[in-house]
Number of protein chains: 2
Amino acid sequence: MMSSKLIQMETVGQIIRAKRESLGLLLRQVASHLDIDQAILSKIERNERKPTKQNIIKLAEILKLDEEDLLVQFISERIAYEIADEDCASKVLKVAEQKVKYLKSNLVKN
Amino acid sequence: MMSSKLIQMETVGQIIRAKRESLGLLLRQVASHLDIDQAILSKIERNERKPTKQNIIKLAEILKLDEEDLLVQFISERIAYEIADEDCASKVLKVAEQKVKYLKSNLVKN
DNA sequence: ATATATTTGACAAATGATGTCAAGTAAATT
DNA sequence: AATTTACTTGACATCATTTGTCAAATATAT
């Protein structure tokens with residue numbers, strides 16, 4: 001039996017907009033909670049600007065989204081765009097994983 | 001039987017310095033080939049400055065290192081530092097891989 | 001039509017990336 | 001030990017990117 005996993009390839013912006021609208025919140029309401037201009041939030045939702053990590057955390061809060069999930073989407077999206085044009089993108093990710101493990105194992109100090 | 005892979009966790013800077021010295025080249029010689037001040041190269045080798053992608057390409061050339069290998073080390077190092085402090089680093093990399101695949105499959109259009 | 005919500009673009013400020021330069025230190029040579 | 005050669009350091013300059021403000025333009029809903 002074949003199991004197929006359907007990957008939902010929504011951007012963080014799309015996730016945010018969808019959830020905001022489903023909650024009936026206005027840009028200005030959400031934006032003021034994040035302490036940014038609604039223009040920026042508008043652009044974030046349309047992938048015209050990148051949110052900061054703090055933006056993401058506050059967005060998860062007000063939109064009742066799981067913070068870690070949203071952060072994972074956000075950071076992985078940033079990385080994916082960063083390396084998508086490299087031939088060796090997938091090798092890069094594998095090596096990065098080893099380096100992360102190494103760094104974490106030495107994170108005792110500092 | 002257990003196979004263990006020893007991961008060499010040299011930084012790009014260390015790789016470059018080691019190879020430059022083994023070739024008996026001076027900072028100033030290599031730097032001039034990269035068209036940068038030797039002070040920058042010195043800092044790159046000691047991980048005090050980040051090289052540009054162009055720097056890496058020229059370094060591979062003059063130091064007779066494999067360009068793709070060096071680029072992979074360089075980019076993965078950048079990414080590893082970027083996310084090493086996240087709890088969800090390894091989840092991030094897995095999701096990033098999916099996103100990259102998705103982006104590449106849609107890379108037909110621009 | 002009017003009011004409300006969103007989008008757009010010009011601009012500003014802060015931050016980060018990238019480089020120059022000269023003076024300081026370290027290492028090797030005479 | 002003095003000199004030369006190599007490397008390091010820090011102050012500074014320049015430029016690009018990020019992050020934000022604001023007001024006018026557009027779209028949507030009453």
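The chains referred to below are lettered A, B, ... by the order of the sequence lines, with proteins before strands, and numbering in each begins at 1. The figures here come from the full heavy-atom set of this structure, side chains too, leaving out hydrogens, waters and symmetry mates.
- Looking at residues two or more places apart in sequence or on another chain, you find no salt bridge (charged side-chain N to carboxylate O under 4.0 Å, His left out) involving A:Glu77.
- Taking the charged nitrogens against the carboxylate oxygens, A:Glu86 and B:Lys53 do have a contact shorter than 4.0 Å, which makes a salt bridge.
- OP1 or OP2 of D:dT8 sits under 4.0 Å from a side-chain N or O of B:Ser42.
- With A:Ser76 as reference, B:Val92 is the one residue of B:Val100, B:Leu93, B:Val92 to meet the side-chain contact (heavy atoms from CB on, under 4.5 Å) rule.
- Remark: A:Lys50 is positioned above the aromatic ring of A:Tyr81, its terminal NZ or CZ atom under 6.0 angstrom from the ring centre and at most 45 degrees off the axis.
- Across the protein-nucleic acid pair, B:Leu27 atom CG and C:dA26 atom C1' stand 13 Å apart, rounded to whole Å.
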Treating primed atoms plus P, OP1 and OP2 as sugar-phosphate and everything else as base, which nucleotides of nucleotides 16-30 of chain D get B, S or - for protein heavy atoms under 4.0 Å?
---BBBB--------
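- In this entry the distance linking CG of B:Asn47 with P of C:dA17 reads 15 Å, nearest Å.
- Using a 4.0 Å cut-off between charged nitrogen and carboxylate oxygen, B:Lys91 and A:Glu68 count as a salt-bridge pair.
- Nucleic acid contact class of B:Arg78 (heavy atoms, under 4.0 Å, all strands): none.
- Under the side-chain contact (heavy atoms from CB on, under 4.5 Å) rule, A:Gln73 has a single partner from A:Ile56, A:Val12, A:Leu65, which is A:Val12.
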Which pairs of donor and acceptor atoms, one on a side chain in residues 34-43 of chain B, lie under 3.5 Å apart (sequence neighbours left out)?
residue: B:Asp37; atom: OD1; partner: B:Ala39; partner atom: N; Å: 2.8
residue: B:Ser42; atom: OG; partner: B:Arg46; partner atom: NE; Å: 3.4
residue: B:Ser42; atom: OG; partner: B:Arg46; partner atom: NH2; Å: 2.8

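- A straight line from CG of B:Leu26 to C1' of C:dA27 spans 13 Å, rounded to a whole angstrom.
- Here C:dT20 presents its C1' atom at 15 Å from CG of B:Leu41, a figure rounded to the nearest Å.
- Atoms CD (B:Glu21) and P (C:dA27) sit 12 Å apart, rounded to a whole Å.
- Between the CD atom of B:Glu48 and the C1' atom of C:dA17 there is a distance of 14 Å, rounded to whole Å.
- Closest to the side chain of B:Arg17, from the set D:dC7, D:dT9, C:dT6, is D:dC7.
- For D:dC7, neither phosphate oxygen OP1 nor OP2 lies less than 4.0 angstrom from any side-chain nitrogen or oxygen of B:Arg46.
- Rounding to whole angstrom units, OH of residue B:Tyr81 and P of C:dA17 are separated by 15 Å.
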